[in-house]
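Hydrogens, waters and symmetry mates are skipped; everything else that's a heavy atom, side chains included, is used. Along the sequence shown, residues are numbered consecutively beginning with 1.
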Amino acid sequence: MIFLEKGNDVCMNNYDKILDYAKENDGYITTKEVGNLGINSTFLSNLVNDKKLERVGTGIYKLPEYPIDNFYILSKSSKNMCYSHATSLYLHNMSDRIPLVYDITVPYNYSGNLLNNENVSLRYVKDDIFELGMIDIKTINDLTVKCYDLERTLCDIIKDKNRMDKEIYSKALKEYARNKDKDILKLVKYAKKLDIEDEVVELMEVLL
């Protein structure tokens with residue numbers, strides 16, 4: 001065991017700090033968070049070697065007893081990201097198509113790790129609309145990630161309909177029209193900010 005091998009109260013305290021932090025944060029911890037705790041990343045490597053932690057992404061680790069959640073792992077790789085489009089539809093249970101490529105919206109000046117991830121499709125937006133409709137949502141493993149609300153998601157897929165899977169797009173519009181929690185006023189408000197008000201209004205008149 002690491003703690004016995006080290007035989008050092010300071011080392012033991014650092015290992016405990018890392019594991020306790022992970023337990024308090026959905027079972028996950030990042031290299032950056034360890035640095036913020038004032039602990040050298042070498043302690044992470046030792047915990048991995050001792051099977052106390054698992055490395056699940058670049059600079060991202062989890063406790064073995066916690067589930068691997070790709071939505072959460074991607075969200076931990078960058079704070080300036082938000083699930084959108086078809087991926088957002090899936091998180092809102094408006095699509096049963098499990099994402100193979102994750103739709104993520106980022107600000108125009110984004111320069112993080114997601115740029116080099118082949119499993120990610122990035123959409124770029126201006127800063128003033130990046131946080132429009134952004135909410136916290138739970139994954140299937142009850143982990144919290146950033147995602148756009150239904151109204152922002154609907155606006156996004158309408159705006160980018162030429163890049164959308166036709167089946168997913170059509171089903172989402174019908175599902176939204178039937179949704180008892182839909183907010184048409186919010187939808188039109190978002191559509192105006194995204195310069196697609198006429199198109200959204202016309203679609204809603206047909207569907208409702």
Exercise for the section: Report the distance from atom CD1 of I104 to atom CG of N117, rounding to the nearest 0.5 Å. Expected result: 7.5 Å
Practice task
Classify the side-chain pair E54/Y66 by whether it contains a donor and acceptor separated by less than 3.5 Å.
Solution key: no
Handout entry: More than 12 heavy atoms from other groups under 6.0 Å of CG on L115
Key = yes
Handout entry: Close side-chain approach of D149 and K186, heavy atoms under 4.5 Å
Key = yes
Completion exercise
Output for pair (S88 OG, K146 NZ), nearest 0.5 Å, gives 13.5 Å
Practice task
Report yes if some heavy atom in the side chain of V48 is under 4.5 Å from a heavy atom in the side chain of Y61; otherwise report no.
Solution key: yes
Handout entry: Y72 and D26 side chains, donor-acceptor separation under 3.5 Å
Key = yes
Handout entry: D198 side, atom CG; K192 side, atom NZ - distance, nearest 0.5 Å
Key = 11.0 Å
Handout entry: Option passing side-chain contact (heavy atoms from CB on, under 4.5 Å) with M204 (candidates L207, V201, V206)
Key = L207
Exercise for the section: For residues Y21 and N25, report the shortest heavy-atom separation together with the two atoms involved. Expected result: O-ND2, 2.8 Å
Handout entry: Linked, directly or transitively: L143 and I135 (ILVMFWY side chains, under 4.5 Å)
Key = no
Problem - Side chain proximity check, K193 to R152, heavy atoms < 4.5 angstrom - result: no
Exercise for the section: For the pair L154 and K182, evaluate side chain to side chain contact (heavy atoms under 4.5 Å, CB included) and give the outcome as yes or no after the intermediate values. Expected result: CA-CA 11 Å; L154 209 70; K182 63 181 174 291; over 6 Å; no
Problem - Candidate pair K171 and D96, rule side chain to side chain contact (heavy atoms under 4.5 Å, CB included), full reasoning - result: CA-CA 10 Å; K171 181 182 177 184; D96 55 8; 3.8 Å; yes
Handout entry: Exercise: identify the closest heavy-atom pair between V101 and S121
Key = CG1-N, 3.6 Å
Problem - Exam field: side chain E151 to backbone G133, donor-acceptor pair closer than 3.5 Å - result: no
Exercise for the section: Keeping the roles fixed (side chain from N49, backbone from S45), state whether a donor-acceptor pair exists under 3.5 Å. Expected result: yes
Problem - Derivation of the side chain to side chain contact (heavy atoms under 4.5 Å, CB included) call for H85 and R163 - result: CA-CA 10 Å; H85 297 79; R163 296 174 61 185; over 6 Å; no
Exercise for the section: State plainly whether one hydrophobic cluster holds both V125 and L74, where clusters connect Ile, Leu, Val, Met, Phe, Trp and Tyr through side-chain heavy atoms under 4.5 angstrom apart. Expected result: no
Problem - 4.5 Å side-chain heavy-atom contact, Y148 and L132 - result: no
Practice task
Would you check if the side chain of E199 reaches a backbone N or O of I196 as a donor-acceptor pair within less than 3.5 Å?
Solution key: no
Practice task
Give a yes or no answer on whether the side chain of D50 reaches the backbone of N46 with a donor-acceptor pair at less than 3.5 Å.
Solution key: no
Practice task
Using the six-membered ring wherever Trp is involved, compare the ring planes of Y102 and F71 and label them parallel, tilted or perpendicular (cut-offs 30° and 60°).
Solution key: perpendicular
Exercise for the section: Hey, could you give me the OG/CG distance between S75 and N70, rounded to the nearest 0.5 Å? Expected result: 10.5 Å
Problem - Side-chain donor or acceptor of D103 paired with backbone N/O of A86 under 3.5 Å - result: yes
Problem - Same cluster (ILVMFWY, side-chain, under 4.5 Å), Y90 and Y169 - result: no
Practice task
Using only heavy-atom distances, determine whether the side chains of D156 and S84 contain a donor-acceptor pair under 3.5 Å.
Solution key: no
Problem - Test item: Y28 and D69 side chains (from C-beta on) under 4.5 Å apart, heavy atoms - result: yes
Handout entry: Flag side-chain contact, heavy atom, 4.5 Å: Y176 against I184
Key = yes
Exercise for the section: State yes or no: do L89 and L194 share one hydrophobic cluster built from I, L, V, M, F, W and Y residues joined by side-chain heavy-atom distances below 4.5 Å, directly or via other members? Expected result: yes
Problem - Heavy-atom check, side chain of K17 versus side chain of N13, under 4.5 Å - result: yes
Handout entry: Centroid-centroid under 6.0 Å between Y108 and F130 rings
Key = no
Problem - More than 12 heavy atoms from other groups under 6.0 Å of CD on E65 - result: yes
Exercise for the section: Check the pair K138, T144 against side chain to side chain contact (heavy atoms under 4.5 Å, CB included), reporting the backbone distance first and the verdict last. Expected result: CA-CA 5 Å; K138 294 288 189 179; T144 303; 3.0 Å; yes
Practice task
State the CD1-CG distance between I29 and L37, to the nearest 0.5 angstrom.
Solution key: 5.5 Å
Fill in the blank from the handout: OG1 (T42) and CG (L47) are apart, to the nearest 0.5 Å, by 11.0 Å
Handout entry: Contact check, side chains of L53 and I18, non-hydrogen atoms, under 4.5 Å
Key = yes
Practice task
Would you kindly confirm whether L44 and I68 end up in one hydrophobic cluster when ILVMFWY residues are joined by side chain heavy atoms under 4.5 Å apart?
Solution key: no
